[in-house]
Amino acid sequence: MGILIRLVVTAVSLWIATLVISGIELTTDSVPKKIGTLLAVAVIFGIVNAVLRPIIKVIGCGLYVLTLGLIAIVVNGLLFMLTSWIAGELDLPFHVDSFWPSAVLGALLVGVVSWLLNMLVPDGGDD
C-alpha cells in the first residue's frame, strides 16, 4: 500500500510541476488520460531514480564531496530529462523542454512537493 501512496504522491507533484513551470508540459485534454499519464510518468520517474541514482552517487561521490552536494541538483535535472525522454519514447504526452530551467526547477519542485506530501500522508508503515 505504501508504494501506491508514494506513486500517487509523485504523480500529484508532477501535476503541480506541469502547472507551475512553463517548460514542463502535459499535452492531453482528457482528465482520465492526464491521470494515467501522470501515474505512468511517476512510475518511470521512480524506476529511473531507484536504478540510476545509487549508481551515480557511487561513481560520482568525489563530485558530491567536492561540490558539497550541489551536483545533486544537476543530477536530479538530468534524471528528470531522462524521464521525459523515456515518456516520449513510450508516446506519453509528457515533455520537459530544456535542462535549464525546466528540468532543474521541475526536479526540485517534484522533490520538495513529494517530501511535503509524504510528511502529510502516512504510508501505513508508521504504526
Side-chain angles (χ1 to χ4, degrees):
M1 189 64 162
I3 292 174
L4 292 176
I5 292 172
R6 291 183 203 281
L7 178 70
V8 170
V9 164
T10 303
V12 168
S13 62
L14 285 167
W15 174 65
I16 292 171
T18 62
L19 296 176
V20 173
I21 299 173
S22 62
I24 302 173
E25 301 167 353
L26 183 60
T27 56
T28 183
D29 294 330
S30 168
V31 173
K33 285 185 181 181
K34 282 185 181 182
I35 293 170
T37 299
L38 288 170
L39 288 172
V41 172
V43 168
I44 294 168
F45 192 60
I47 292 171
V48 165
N49 279 318
V51 172
L52 292 180
R53 184 179 306 270
I55 297 169
I56 292 169
K57 282 187 175 182
V58 168
I59 292 173
C61 72
L63 279 175
Y64 277 88
V65 171
L66 185 65
T67 63
L68 301 174
L70 292 177
I71 193 71
I73 296 171
V74 174
V75 169
N76 288 340
L78 290 172
L79 292 176
F80 203 64
M81 287 292 294
L82 178 61
T83 300
S84 172
W85 179 78
I86 293 170
E89 292 295 310
L90 297 174
D91 291 327
L92 295 172
F94 179 84
H95 180 68
V96 179
D97 287 338
S98 62
F99 174 73
W100 178 258
S102 302
V104 172
L105 293 178
L108 284 171
L109 182 67
V110 167
V112 169
V113 171
S114 293
W115 175 71
L116 287 172
L117 288 176
N118 279 321
M119 283 181 49
L120 296 175
V121 178
D123 62 357
D126 297 336
D127 293 337

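Heavy atoms only: backbone and side chains are in, while hydrogens, waters and symmetry mates are out. We're numbering straight along the sequence, starting at 1.
- Counting non-hydrogen atoms of neighbouring residues, nucleotides and ligands closer than 6.0 angstrom, the CG atom of L70 exceeds 12 such neighbours.
- Closest heavy-atom contact between A42 and A11: CB-N, 3.8 Å.
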### Task
Take F80 and F99, measure what ring pair (Phe, Tyr, Trp, His ring centres under 6.0 Å) needs, and give me the verdict at the end.
CA-CA 9 Å; F80 203 64; F99 174 73; over 10 Å; no
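- For the pair N118/R6, a side-chain contact is recorded, criterion being any heavy-atom separation below 4.5 Å from C-beta on.
- S102 OG to L109 CG: the interatomic distance, rounded to the nearest 0.5 Å, is 12.0 Å.
- D97 approaches S22 most closely through the heavy-atom pair OD2-O, 4.4 Å.
- We find the CG-CD1 distance between N76 and I71 to be 10.5 Å, quoted to the nearest 0.5 Å.
- Residues S13 and V113 come closest through the heavy atom pair CB-CG1, 3.5 Å.
- Evaluated for a side chain to side chain contact (heavy atoms under 4.5 Å, CB included) with V96, the options I21, I24, T18 yield exactly one hit, I24.
- When each of T37, L38, V31 is paired with I35, the side chain to side chain contact (heavy atoms under 4.5 Å, CB included) condition holds for V31 and for no other.
- Linking Ile, Leu, Val, Met, Phe, Trp and Tyr whenever their side-chain heavy atoms come within less than 4.5 Å puts I86 and V51 in one cluster.
- Connection of L92 to W85 is established within a shared hydrophobic cluster, with ILVMFWY side chains joined at heavy-atom distances below 4.5 Å, either directly or through further cluster members.
- The list of ring pair (Phe, Tyr, Trp, His ring centres under 6.0 Å) pairs with a residue in residues 3-23, not counting sequence neighbours, is empty.
- A side chain to side chain contact (heavy atoms under 4.5 Å, CB included) with V121 is found for exactly one of V8, V12, L116, I5, namely I5.
- Under the 4.5 Å side-chain contact rule for hydrophobic residues, V20 and W100 share a cluster.
- Contact check for L82 versus L52: side-chain heavy atoms found under the 4.5 Å cut-off.
- Taken together through direct or relayed side-chain contacts under 4.5 Å among Ile, Leu, Val, Met, Phe, Trp and Tyr, V112 and V9 form parts of separate hydrophobic clusters.
- The line from CG of L78 to OG1 of T83 is 10.5 Å long, rounded to the nearest 0.5 Å.
- The distance from atom CG of L63 to atom CD1 of I56, rounded to the nearest 0.5 Å, is 11.5 Å.
- If you take OG on S84 and CD1 on I44, they are separated by 9.5 Å, rounding to the nearest 0.5 Å.
- Between L7 atom CG and F45 atom CZ the span is 12.5 Å, to the nearest 0.5 Å.
- The nearest pair of heavy atoms linking K33 to T28 is CB-OG1, 3.5 Å.
- Proximity of E25 to F94: side-chain heavy atoms (C-beta onward) are nowhere separated by under 4.5 Å.
- In the hydrophobic cluster analysis, where Ile, Leu, Val, Met, Phe, Trp and Tyr join through side-chain heavy atoms closer than 4.5 angstrom, L19 is grouped together with L14.
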